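Below is one structure, written out as structure tokens, with a few remarks after it.
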Amino acid sequence: MAFSLPPLPYAFDALEPHIDAQTMQIHHDKHHQAYVDNLNKALAGTDGENKTLEQLMDNISAYPAAVRNNGGGHYNHTLFWTILGTGASAPTGDLAAAINEAFGSLDALKEKMSTAGATRFGSGWAWLLVSDGKLLVSSTPNQDNPLMDIAEVKGMPILGIDVWEHAYYLKYQNRRPDYLKEIWNVINWDAVAARYKAAR
Ligand code: MN
């Protein structure tokens, strides 16, 4: 069964002024659509057609680069849209406690993730993930993610920040650190908490 582009769960301008509507529209309708289309093309006629996205990630070293890049792109963006939005503005409950235990404070987590994103050379992602029940921060190049068998730091991603230029360039140009500061205003912590609960 072919993969398909999930609809954006809010309007293109829902994240204004932190992430502009035009960036969201191009990012979702063009970039993410292209990952989906190219993943389907790369899998056509192979056994990968019958796998779930998670199964592909788990054994990604067995597939061609086009599956790694576009399958990762599809997984990462599907996650990204859901953890942005207008839910809780800060973590609460178990997630808040786990963040405090792992990083000392929410601000310390934000700084660690922003640094991971800012220092990722070229294109990639910064991640908050659950590994062996613990929260970790990592970053990956290109469209790799912590679910992939080739990831340096493996685990279940619960929050991902896209640091490809297409995610911020129209509004922030070369100022990736500014984007990484502003994006914390539009993290949907309810969605991150739901992923945390499912990951444990
Ligand atoms: Mn992207």
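All values below were derived from every heavy atom in this structure, side-chain atoms included, with hydrogens, water molecules and symmetry-related copies excluded. The model shown is predicted, which means the values in this text are computed figures rather than measured ones. Counting convention: from 1, in listed order, for ligands and their atoms alike.
- Nearby protein atoms of type N, O or S around the Mn ion (ligand 1) amount to 4 (distance under 2.8 Å).
- Side-chain contact, S138 with W125: no donor N or O sits under 3.5 Å from an acceptor N or O.
- Under the 3.5 Å distance criterion, with hydrogens and angles disregarded, a donor-acceptor pair is assigned to the side chains of D37 and Q33.
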Donor-acceptor pairs under 3.5 Å, side chain of residues 82-92 to any protein atom, not counting sequence neighbours: which ones?
from : atom 1 : to  : atom 2 : distance (Å)
T82  : OG1    : L79 : O      : 2.7

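- For the side-chain hydrogen bond (donor to acceptor under 3.5 Å, both in side chains) test, residues two or more places apart in sequence or in another chain that qualify with H18 are E182, N185.
- If you chain together ILVMFWY residues whose side-chain heavy atoms come under 4.5 Å of each other, F121 ends up in a group of its own.
- Judged purely by distance below 3.5 Å, without hydrogens or angles, the side chains of N76 and Q143 pair a donor atom with an acceptor atom.
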